[in-house]
Amino acid sequence: MADPTARIEELRRLLRYHGHRYHVLDAPEISDAEYDARYRELEALEEAHPDLVTPDSPTRRVGAPASGLFAPITHRERMFSLDNAETPEQVEAWEARLERALGRPPSGFSCELKIDGLAVSLTYEGGRLTRAATRGDGITGEDVTANVRTVLGVPLVLLGDDVPSVMEVRGEIYMPLDAFEALNAAQAEAGERLFVNPRNAAAGAVRQKDPSVTATRRLAVWVYQMGHVEGGPAFDSHTGAMAWLRDHGLPVNPEGERVADTAGVLAYLDRARESRHDLAYQTDGVVVKVDELADQRELGFTAKSPRWAIAYKFPPEEQTTRLVGIEVNIGRTGAATPYAVMEPVFVGGATVTNATLHNQDEIARKDLRIGDTVVVRRAGDVIPEVVGPVPSLRTGDEVVWSMPATCPFCGNPITRAEGEAVARCTGGFDCPGRLREYLAHFGGRSGMDIEGLGAKTVDLLLSEGLIRDPSGIFTLQPGDLLGFEGWGEVSVGNLMAAIDAARGRPLGRLLTALGIPLVGGTVARTLARRFLSMDRLLDATEEELAAIDGIGPEIAASVRAWSADPDNRALVERLAAAGVRTADPEPEGVDRGLLEGVTLVVTGTLEGYSREAAKTAVEDRGGKVAGSVSGKTTAVVVGASPGSKAARAGDLGVTILDEAAFTRLLEEGPAALPDP
Ligand code: IVH
């Protein structure tokens with residue numbers, strides 16, 4: 001057999017090249033399958049020729065001798081930490097200090113994202129990775145070489161020949177968000193504890209005893225600082241050194257920028273703060289460094305940190321606080337939802353005291369106990385979330401929670417159906433907790449839209465016993481409210497008028513307001529158009545319901561179950577008795593099956609129809625109006641200033657109708673459509 005040395009060398013070179021394109025440049029040139037085929041070829045050759053195996057072969061990432069795992073390693077150059085700035089003003093003050101120290105402003109700054117992971121120092125000797133160490137106390141760290149070799153973005157061999165004899169580079173090992181989510185999904189599946197954030201997950205992975213476990217954790221790295229260098233190129237600037245590292249195969253974060261002055265730094269801080277959630281990894285701030293190495297030397301170090309760099313920390317989105325209790329809320333459907341009561345904590349720009357805990361299983365899965373110190377997260381405008389407990393801070397006095405047997409609002413039993421995540425209060429409208437939520441929805445914007453029936457009014461009505469179920473709204477008398485604080489002739493008159501107006505709302509609104517599970521506005525309107533009255537809907541069978549376009553089997557079952565409940569039927573009767581409209585008029589002079597099977601898309605402005613009116617006209621005739629053009633579209637109605645849908649219709653060869661042709665279609669049905 002021919003000498004395999006050349007082929008082995010060739011394969012290693014190819015795999016390094018394509019690995020770099022994939023993991024560092026994010027610009028692969030070959031498919032995963034092609035890469036895998038070469039990888040397997042190399043593996044096979046190495047297996048047949050063990051004498052030709054070298055430790056820097058791409059096949060040797062896992063399986064390096066682990067004898068030195070976690071042994072102390074002294075950094076050749078100390079790993080400093082950074083001074084922090086909490087606000088942009090503090091960054092400006094730092095820059096003013098630099099200017100005083102130098103007698104002039106620095107000639108440029110490097111602005112970089114502060115990556116939220118675990119700091120490592122990588123040592124390359126003769127271009128080969130020989131050591132990876134954690135920061136430790138900055139002077140001595142731990143040897144994590146065997147684990148860090150499994151991180152695919154860390155080159156085992158530098159690209160190019162002009163490499164220093166010894167080079168330390170510093171960077172951050174992190175876990176990309178998608179890898180973090182996949183890991184936690186797998187942990188949940190296996191019934192294992194979840195990681196509270198990507199940083200902890202990354203730190204845990206780097207400190208694994210078994211490097212083959214680390215290899216499964218999909219870690220990545222960004223390098224951001226040169227350490228000790230011997231016998232290599234001389235650099236003038238930090239950004240110059242970073243460009244060199246990038247050229248030699250090390251991943252340098254592409255969001256970094258050199259800016260000229262303070263204004264540039266402040267603008268970068270703003271941009272970074274705003275775009276931090278658009279990234280595939282977590283950042284917790286910005287690191288600003290004086291770019292010129294001569295300036296850095298002049299500025300020097302304090303005992304702890306370089307004077308030439310500062311870390312601006314974003315306002316925190318995660319904090320710890322104490323879980324002082326778990327309470328239960330009853331929703332409008334009767335669902336009992338536990339929520340956390342916490343010591344107030346400022347996080348993500350707001351003070352948080354409560355957060356939903358969803359259901360009992362979720363609490364058990366997170367192993368939350370009353371008295372725990374918990375991690376609370378609120379990113380941007382996102383609803384606050386209890387991420388998990390900090391078990392190491394437990395005292396033993398924490399209390400495991402379980403769903404109360406009876407409702408805290410009405411004392412009726414709380415039950416949980418077999419196989420369901422949700423527990424429910426069985427009190428129906430006798431439960432003031434449930435009734436409160438129900439009324440807020442019933443009278444709200446998407447329901448009966450009763451102006452003036454806000455949360456405060458609902459609370460007053462309930463606490464004074466003025467209403468006992470939703471129909472009670474419509475039997476309220478002015479005298480019931482007059483005299484309560486804030487309720488005079490005018491405000492009472494306004495509320496009565498609003499209630500009166502709500503009495504006459506179309507059936508679709510009443511159906512939405514009733515809060516039938518799975519029935520939102522669109523489904524409610526479809527049901528109203530098909531049945532035209534509450535009576536007919538209550539008598540509809542599941543088959544009849546499921547046969548309606550836009551109503552799937554689940555909705556049909558849910559509507560039927562709701563109709564079958566005597567409490568709901570009684571409510572509808574009481575509403576009707578209180579004068580609430582429960583039927584829509586038969587549309588006059590309209591053939592209700594005229595446009596059966598016709599799907600239209602409307603784009604642009606029509607002169608004689610609003611969007612809503614055009615939609616209703618089509619739907620009254622049994623047709624459908626869709627939001628986008630597809631193969632199923634019968635025709636596109638094009639008004640003035642049409643959008644891209646008109647062009648798409650043209651592309652797909654779908655019939656186009658002007659307003660006149662649309663009117664003819666409404667009058668005459670599909671016969672009026674032009675021949676395709
Ligand atoms: S430079 C002498 N740059 O933040 C300068 N650090 O206290 C050393 N970090 O320990 C650090 N992103 O773990 C630098 N672009 C970045 C960084 C960064 C994250 C971490 C690093 C360091 C801590 C600062």
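For this chain, numbers begin at 1 and follow the sequence in order. For clarity, every value in this text was computed on a predicted model and none was experimentally measured. When a ligand or atom number is given, it counts from 1 through the structure's own listing order.
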Would you tell me whether [X] and [Y] have side-chain atoms, one donor and one acceptor, within less than 3.5 Å of each other?
X    : Y    : value
E43  : T59  : no
E46  : S57  : yes
Y281 : D178 : no

Query - Reference residue D56; test salt bridge (charged side-chain N to carboxylate O under 4.0 Å, His left out); the match among R12, R16, R13 - result: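 It is R16, the one option of R12, R16, R13 that forms the salt bridge (charged side-chain N to carboxylate O under 4.0 Å, His left out) with D56.
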Query raised in the report: Above 12 or not: heavy atoms from other molecules or residues under 6.0 Å from CG of D278?
Result: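 Counting neighbours around CG of D278, more than 12 heavy atoms of other residues, nucleotides or ligands fall under 6.0 Å, so yes.
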Identify each donor-acceptor pair in which a side-chain atom of residues 19-27 lies under 3.5 Å from a protein atom, sequence neighbours left out, and give them as a table.
residue : atom : partner : partner atom : Å
R21     : NE   : A27     : O            : 2.8
R21     : NE   : E29     : OE2          : 3.2
R21     : NH1  : E29     : OE2          : 3.3
R21     : NH2  : A27     : O            : 3.3

Requested in this report: Quick one, list the residues around ligand 1 where some non-hydrogen atom comes in under 4.0 Å, by chain and residue number.
Outcome: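 Those residues closer than 4.0 Å to ligand 1 by some heavy atom are F80, S81, L82, E112, L113, K114, I115, A119, E172, Y224, V287, K289, P306, W308.
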